[in-house]
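All values below come from the heavy atoms of this structure, side chains included, with hydrogens, waters and symmetry mates left out. To find a chain, count down the sequence lines: A is the first, B the second, and so on, and within it residues start at 1. Keep in mind that this is a model prediction, so the values were computed, not measured.
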Number of protein chains: 2
Amino acid sequence: MPAKKSNAPSPATALEFPRPLVTVDIALLTLSGNGLQVLLVQRPRAPAEPYPARWALPGGFIDVQKDHDLQACAMRKLREKTAVSSPYLEQVGSWGGAERDPRGWSATHVYFALVPRETSEPGKGGNAADARWFDVTLGGLVPGAGALAFDHDELLCAALQRLRSKVEYTSLPAFLLAEPFTLPQLQGAYEAVLGRRLDRSAFRRRALAVPGFLREAGIIQTGAPRAPQGYVLEHRGGPVVFARPFEPR
Amino acid sequence: MPAKKSNAPSPATALEFPRPLVTVDIALLTLSGNGLQVLLVQRPRAPAEPYPARWALPGGFIDVQKDHDLQACAMRKLREKTAVSSPYLEQVGSWGGAERDPRGWSATHVYFALVPRETSEPGKGGNAADARWFDVTLGGLVPGAGALAFDHDELLCAALQRLRSKVEYTSLPAFLLAEPFTLPQLQGAYEAVLGRRLDRSAFRRRALAVPGFLREAGIIQTGAPRAPQGYVLEHRGGPVVFARPFEPR
DNA sequence: TCAATAGTGTCTATAAGACAATATACC
DNA sequence: GGTATATTGTCTTATAGACACTATTGA
């Protein structure tokens with residue numbers, strides 16, 4: 001909430017004090033054959049820049065002219081990096097402090113986004129030759145990228161933790177798949193994010209029992225021995241919450 | 001993430017663009033006999049101020065000199081309003097946009113805090129004669145306060161939604177109680193936040209089965225017909241997560 | 001002894017994991 | 001028909017809700 005105190009002798013709304021830098025960062029995740037991947041961009045090499053040539057989450061400063069709100073800013077940053085098809089976008093939280101950017105007190109608003117692999121090639125629609133997909137562990141480590149710029153290791157870790165915790169009891173992994181998808185594909189997405197195998201029978205029983213989750217969308221010819229049933233989401237707007245999480249085991 | 005683009009002809013780190021206002025707001029919650037209460041402060045009456053004399057969540061601008069990070073800023077705001085005894089503090093998220101403050105593009109970082117009733121009297125240690133506890137519904141409505149300043153109705157609503165959703169599967173309500181507390185008291189806290197009654201037997205069985213949740217702390221003489229067993233938290237640092245949520249019923 | 005609150009025991013229903021069995025398509 | 005994948009059925013087990021019962025204290 002904007003300040004109420006006005007101890008200074010200036011008029012009622014005294015706003016002449018230093019303001020933090022304000023940014024938005026996005027952990028854009030997708031699914032490859034190996035598992036989860038995250039999109040990173042390489043920072044400019046100029047030595048005057050903080051963390052030159054390091055890999056970082058895509059993002060950048062709020063533009064108070066262009067961005068109507070935080071979510072709009074996140075969407076704009078996403079568009080600039082990749083041709084996304086209506087990604088799932090959720091705020092993870094915000095990180096702010098005096099030390100996290102050498103240029104001064106800064107606060108960043110972190111989002112994570114989920115997209116199906118096909119529609120999310122960087123460069124395809126995006127202008128980012130400096131953007132690449134990296135395999136990422138469930139703990140948020142990116143083996144191939146070294147230490148990320150700023151506190152982005154921590155931000156990415158938090159984004160993955162959020163995703164992992166919600167997987168247990170929501171339909172989030174479905175947003176990693178292109179529609180229509182099959183139940184075995186959906187189970188694979190869950191297993192990739194959970195980091196463990198699930199029982200086929202229990203998974204299907206459960207997924208099909210959740211109201212408002214899946215709608216049948218015809219048989220799919222995948223080339224598999226038996227052609228599987230295709231499904232689409234009932235609500236693309238957001239995830240469905242399950243009554244109970246997967247058993248811990 | 002701070003910007004990487006430097007299209008402008010200025011040197012590598014061009015930071016001469018308008019910055020948003022940055023604030024922190026806190027939904028401080030406690031438990032009264034009736035149920036949940038929230039602490040609100042009244043905005044100054046000067047007509048030059050935005051939303052004069054309206055009730056608002058406690059909070060205010062980041063002070064880049066005093067506040068090392070966002071959480072420290074939230075703790076400072078809390079100290080200024082009430083004498084809290086190590087409250088539970090958790091970030092809810094951030095809200096930012098061009099319209100939410102008439103003074104300009106602003107972003108606020110929202111926290112919710114839980115304190116036991118006894119130690120949280122405003123004025124006791126706090127300097128806020130303009131602060132008051134209000135009964136609040138589980139939906140986040142404050143019947144006695146009218147429309148809150150700024151978008152604080154929405155922020156409060158989000159804070160309560162976060163609390164309610166976590167109650168189902170965490171030990172959060174315990175932070176609304178002074179230690180040592182009894183199991184019936186704990187059940188009462190859960191019922192207040194859940195908005196429904198729970199079965200005693202199931203509740204005890206469950207609460208006592210969660211590892212790392214409760215530790216016995218002697219019999220308490222409350223004046224009740226039968227003196228109950230007292231408990232304290234194993235970890236005051238944060239909530240414990242249950243393997244399964246309460247059944248929907 | 002009664003009243004009131006704290007705490008326990010037991011039954012049942014639900015749903016998840018385990019795992020076997022069946023269906024379907026392409027070679 | 002054989003094989004690989006998709007889908008279904010059944011058994012067991014764990015746990016939550018329901019509800020009755022016991023325990024302890026003070027009037």
Side-chain angles (χ1 to χ4, degrees), chain A residues 33 167-171 173-174 177 180-191 194-211 213-232 240-249, chain B residues 33 167-171 173-174 177 179-192 194-211 213-232 240-249:
Chain A
V167 167
E168 298 278 354
Y169 60 98
T170 72
S171 62
L177 299 175
F181 50 81
T182 71
L183 276 181
Q185 285 171 346
L186 183 62
Q187 181 173 351
Y190 272 88
E191 288 174 342
L194 279 170
R196 67 171 196 267
R197 306 300 301 271
L198 296 172
D199 179 82
R200 263 177 313 166
S201 175
F203 180 81
R204 309 180 125 261
R205 203 190 316 142
R206 181 181 171 138
L208 294 175
V210 176
F213 184 10
L214 300 172
R215 184 170 53 235
E216 296 191 0
I219 304 297
I220 298 183
Q221 298 302 338
T222 63
R226 173 171 173 177
Q229 177 69 246
Y231 293 91
V232 295
V240 180
V241 177
F242 303 164
R244 293 162 65 169
F246 289 107
E247 290 289 307
R249 189 62 7 206
Chain B
V167 167
E168 298 277 354
Y169 60 98
T170 72
S171 63
L177 298 174
E179 294 180 318
F181 51 81
T182 71
L183 276 182
Q185 285 171 345
L186 184 62
Q187 181 174 348
Y190 272 88
E191 289 173 341
L194 278 170
R196 68 172 196 267
R197 306 301 300 274
L198 296 172
D199 178 81
R200 258 180 317 163
S201 175
F203 180 81
R204 310 180 122 262
R205 204 189 317 142
R206 180 179 174 143
L208 294 174
V210 176
F213 185 10
L214 300 171
R215 185 170 53 233
E216 295 190 0
I219 304 296
I220 298 181
Q221 298 302 336
T222 62
R226 172 172 175 176
Q229 176 70 245
Y231 294 91
V232 296
V240 181
V241 177
F242 302 164
R244 291 163 66 168
F246 290 106
E247 292 288 308
R249 188 76 350 219

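At a cut-off of 3.5 angstrom, the base of C:dA16 holds no donor-acceptor pair with the side chain of A:R206. The base of C:dG7 lies close enough to the side chain of B:R200 for a donor and an acceptor atom to sit less than 3.5 Å apart. Side-chain N/O atoms of A:R226 and base N/O atoms of C:dA25 include no donor-acceptor pair closer than 3.5 Å.
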Can you check nucleotides 9-13 of chain D for protein contacts, nitrogen or oxygen pairs under 3.5 Å, and list what you find?
unit_1: D:dG9; atom_1: O6; unit_2: A:S201; atom_2: OG; d: 2.2

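B:Y231 has its side chain within reach of B:E216: a pair of non-hydrogen atoms, C-beta onward, lies under 4.5 Å apart.
Atoms CZ (A:F246) and P (C:dA18) sit 13 Å apart, rounded to a whole Å. One interatomic measurement links the two molecules: CD of B:Q187 to P of C:dA6, which rounds to 10 Å at whole-angstrom precision. Between A:I220 atom CD1 and C:dT24 atom P there is a gap of 18 Å when expressed in whole angstrom units. To the nearest angstrom, P of C:dA16 lies 12 Å from CG of A:L198. Going from atom CD of A:Q221 over to atom P of D:dA4 covers 20 Å, rounded to whole Å. Distance CG (A:L208) to C1' (D:dA6): 12 Å, rounded to an integer number of Å. One atom, OH of B:Y169, and another, P of D:dA16, lie 17 Å apart when rounded to the nearest Å. Rounded to whole angstrom, the span from the CZ atom of A:R204 across to the P atom of C:dC19 amounts to 19 Å.
The OH atom of B:Y169 lies 3.5 Å from the OH atom of A:Y169; values are rounded to the nearest 0.5 Å. Here B:F213 contributes atom CZ and B:T170 contributes atom OG1; the two are 8.5 Å apart, rounded to the nearest 0.5 Å. Put simply, CG on B:D199 and CZ on B:R205 are 7.5 Å apart, with the number rounded to the nearest 0.5 Å.
Look at A:R196 and A:E168 and you find a salt bridge, because one of the NZ, NE, NH1 or NH2 atoms lies within 4.0 Å of a carboxylate O, short of that distance.
Of the two residues near DNA chain C, A:P225 and A:F203, the one whose nearest nucleotide lies more 5' is A:F203.
Considering every non-hydrogen atom in both A:L186 and A:L177, the closest pair reads CA-CD1, 3.6 Å.
The backbone N or O of B:L198 sits less than 3.5 Å from a side-chain atom of B:E191, completing a donor-acceptor pair.
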